[in-house]
Amino acid sequence: MVSSNLIPRPSTSSQSRSQMSRSQFGGFGGSTVNDNNSVSSLASSTFLRGSAIPNYVPVLSPASDPAPIVLLFHGYFWEDVIESQTETRRLHKCEIYWYMEDMSIEILEIKQENSGIPQGALLSRRKVKVGGTVDRPEYLSPRAFKVGETVDVFSRGYTIISCNVSTQKWCEETYGWSSQDLAPRQWPTDEFTVKNYSKMIRETGAGVGINRNRKMHEMKEYMEAYLGKPTSMSDLGSFLAHDNKTLAFDVLWDDTERLYGEVRFFKMYYFLADDTMEILPVHTKNDGRDQFPKLLKRSKVPKDSTQPFGDKYTWRDLRIGASLNIFSRRMVIFRSDAFTKKYYQSKNIDIGPDFEYVDNDVVKNERQIPPYNGFGSEEDSLMSCTGGIKPKAPKKDFHWDKRGYGPGDFYVGAVMNINCHKFVLLDADEYTYRLMENDIRTFPLSDYEKIHPMLREHAELIRQFFLKEARSDFIDFVTMEKCLNEYCGLKLRKQQLICVWRKLDKKGKGKVSFSKLVRLAENLPIGVTIAGLS
């Protein structure tokens, strides 16, 4: 019988696995148990059905609660290999973790080099039901993980061969197992393991598992993490503190000592989250280089390129004017952005002022225009020098009366002499008419105030034309032109006649009452009745 004050109460907190580091549990092997305060598994019959431990769980104070217990067992299972000439079945080595706080288990496959199969988490952390009822289910307990026994988890049999030291001590105190019951056994071997070991000895002189200091490919690391392999969380604090924080510098590489070498400019970014650097070329117009995206992809840069596993550059090594050895390329920092300066100021570090690189050896090529040789026009000869590979004919300036055409030269009825061709302007759109009427200084023919006095002087003749010549009470533009120019002798230009007609026919109907023209000439309101015209 185990004393009731030694039985731990199950934790009700939803503490995540990321919050419980494996070092907290003695390398995921369970809590360390001392002589004065041994611990046992949960005594509830729900947890360990058929156990000799009493069916109760005393409540302990928070101060006396032990750390969550995690047990570690090692095991394996066989997998049949179909249609293979070299093997019929393959051995899979696993680590089985049992969490006391919620009686869940987790199974991880131990990675085997060059196995050619996905490896990682075989079973994510969960409870495995082995029997019982809906109200009182029975879950898989550590009693089933005795060395030499086979545990069936979701139709797959795992043979237990060993456990770690803290798990062995816990099982001895809880279940009364002897050291012989927990004695470790040897891993079995399969044909693939033997042949792979022989191949590595033959090709490299060393067996499987020797550290060759090879860097894992980024895609391989991502795929293993995607399949469930636990990744290192050593840089988690730096990632959370400095995520999306990047130091930006402008650097130059002076390669003029080599034949055909030149000074090239780059953008260097330092990522504070993982202490990596990235260098991108700065492209300019017509620099003659392909638009290659990167000089150096994001990675940690060693200070000595001959020692790739030596000291790496950090943000403390970056200063304005500092010379960096980027894989045998000597690069100088000459500028930084505002965020970088502010970050160094927060660390009480002076990185120095920016400076500009001035190349005094740059030769400026100025185009010299040869003198005119007398053949063709001077403009055409100039286009032959400045027009490129396919020069175009120069644009000609059209002149009238030895001066260029201006806006005031354009009006309805005007005759334009363009390149020895005469063009008569017959009409314009509504926007043009309004523009001309609002800008009477540029277009004086659209000034109604200058036309109206002439109409008022000939108002009596306009009245007589209506009484004698008009055949109806309505007139159109042609009748108005005949009245003003032929009968009254005003000799108005067509643009002036259009200006008068727009005053009469504001709705654009094409015909107006003759009385409107008389009222317009006499400057009377439109609604006034004129004697003799009604």
Side-chain angles (χ1 to χ4, degrees), residues 15-24 211 213-219 221-222 225 230-257 262-284 292-359:
Q15 186 177 18
S16 64
R17 178 183 170 193
S18 62
Q19 294 172 328
M20 300 187 301
S21 63
R22 297 190 176 189
S23 60
Q24 180 181 357
N211 183 17
N213 292 326
R214 292 181 301 179
K215 183 180 179 181
M216 182 182 295
H217 194 273
E218 296 176 355
M219 182 55 66
E221 185 177 2
Y222 166 77
T231 57
S232 174
M233 303 299 289
S234 59
D235 297 333
L236 178 61
S238 177
F239 173 79
L240 296 177
H242 302 293
D243 185 27
N244 294 330
K245 293 183 179 180
T246 306
L247 306 180
F249 300 92
D250 291 328
V251 299
L252 62 89
W253 173 30
D254 190 353
D255 194 33
T256 54
E257 295 181 358
E262 59 181 345
V263 178
R264 299 188 59 187
F265 298 90
F266 299 88
K267 281 283 188 180
M268 184 178 70
Y269 298 99
Y270 186 91
F271 300 90
L272 296 172
D274 54 359
D275 296 326
T276 56
M277 297 170 58
E278 184 180 49
I279 300 179
L280 311 179
V282 177
H283 297 284
T284 58
F292 201 76
K294 294 182 181 179
L295 176 70
L296 176 67
K297 72 174 184 178
R298 183 173 175 177
S299 59
K300 293 185 178 181
V301 180
K303 295 182 179 180
D304 187 356
S305 58
T306 60
Q307 299 179 359
F309 300 100
D311 295 337
K312 305 294 193 301
Y313 279 112
T314 65
W315 61 271
R316 296 178 179 84
D317 301 320
L318 307 180
R319 301 284 193 282
I320 301 298
S323 179
L324 307 179
N325 183 11
I326 308 297
F327 294 102
S328 301
R329 293 176 176 83
R330 187 63 59 181
M331 295 189 174
V332 179
I333 302 175
F334 65 93
R335 191 187 300 121
S336 63
D337 64 352
F339 173 79
T340 303
K341 291 183 174 62
K342 186 176 180 180
Y343 178 80
Y344 278 93
Q345 291 176 0
S346 65
K347 303 295 182 180
N348 296 324
I349 298 177
D350 184 15
I351 62 174
D354 299 343
F355 66 89
E356 297 294 334
Y357 174 79
V358 179
D359 189 1

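No hydrogens, no waters, no symmetry mates; every other heavy atom, side chains included, goes into these values.
- Within the 4.5 Å cutoff, the side chain of Gln307 has no heavy atoms near those of the Pro302 side chain.
- In this structure, the side chains of Leu296 and Met268 stay at 4.5 Å or more apart for every pair of heavy atoms.
- In plain terms, the two heavy atoms of Ser336 and Phe249 that are nearest each other are CB-CD2, 3.8 Å.
- Distance check, rounded to the nearest 0.5 Å: CG of Asp304 to NZ of Lys312 gives 11.0 Å.
- Side chain of Thr340 to main chain of Ala248: a donor-acceptor pair is present (N/O by atom type, distance under 3.5 Å, no hydrogens or angles).
- The aromatic rings of Tyr343 and Trp315 lie perpendicular to each other, with more than 60° between the two planes, well past the 30° mark.
- Summarising the geometry, atom CG belonging to Asn244 is positioned 10.0 Å from atom CZ belonging to Phe271; distances are rounded to the nearest 0.5 Å.
- For the side chain to side chain contact (heavy atoms under 4.5 Å, CB included) with Ile320, the qualifying choice from Asp350, Asp354, Asp250 is Asp354, the only one to do so.
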- Report the C-alpha separation of Asp254 and Val332 in whole Å, then their side-chain angles, then the decisive distance to 0.1 Å, and conclude whether the side-chain contact (heavy atoms from CB on, under 4.5 Å) test is met. CA-CA 8 Å; Asp254 190 353; Val332 179; over 6 Å; no
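- With Ser299 contributing its side chain and Lys297 its backbone, the two residues share a donor-acceptor pair below 3.5 Å.
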- Message: Run the side-chain contact (heavy atoms from CB on, under 4.5 Å) test on Phe339 and Thr246 for me, step by step, so that the C-alpha distance in whole Å, both residues' side-chain angles and the decisive distance to 0.1 Å come before the verdict.
- Response: CA-CA 8 Å; Phe339 173 79; Thr246 306; 5.9 Å; no
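- Side-chain atoms of Tyr313 come within 3.5 Å of backbone N or O of Asn325 as a donor-acceptor pair.
- Taking CG of Asp274 as the start and NZ of Lys300 as the end, the distance is 7.0 Å to the nearest 0.5 Å.
- No donor-acceptor pair closer than 3.5 Å links the side chain of Lys294 to the backbone N or O of Phe292.
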- Query: Step by step, would you call Phe265 with Thr284 a side-chain contact (heavy atoms from CB on, under 4.5 Å)?
  - Reply: CA-CA 10 Å; Phe265 298 90; Thr284 58; over 6 Å; no
- Query: Where do Met331 and Leu295 land on the side-chain contact (heavy atoms from CB on, under 4.5 Å) test, with the steps shown first?
  - Reply: CA-CA 12 Å; Met331 295 189 174; Leu295 176 70; 3.2 Å; yes
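- When all heavy atoms are compared, the tightest approach of Phe355 to Ile333 is CE2-O, 3.5 Å.
- Remark: Arg329 CZ to Arg264 CZ distance equals 9.0 Å, nearest 0.5 Å.
- Taking the side chain as every heavy atom from C-beta outward, Ile351 and Leu318 never approach each other to under 4.5 Å.
- To the nearest 0.5 Å, atoms NZ (Lys341) and CZ (Arg335) are separated by 8.5 Å.
- Annotation: the span from Trp253 atom CH2 to Thr256 atom OG1 amounts to 11.0 Å, rounded to 0.5 Å.
- Between Asp275 and Tyr270, some side-chain heavy-atom pair lies under the 4.5 Å cut-off.
- Side chains of Arg319 and Tyr344 form a contact here, defined as non-hydrogen atoms less than 4.5 Å apart.
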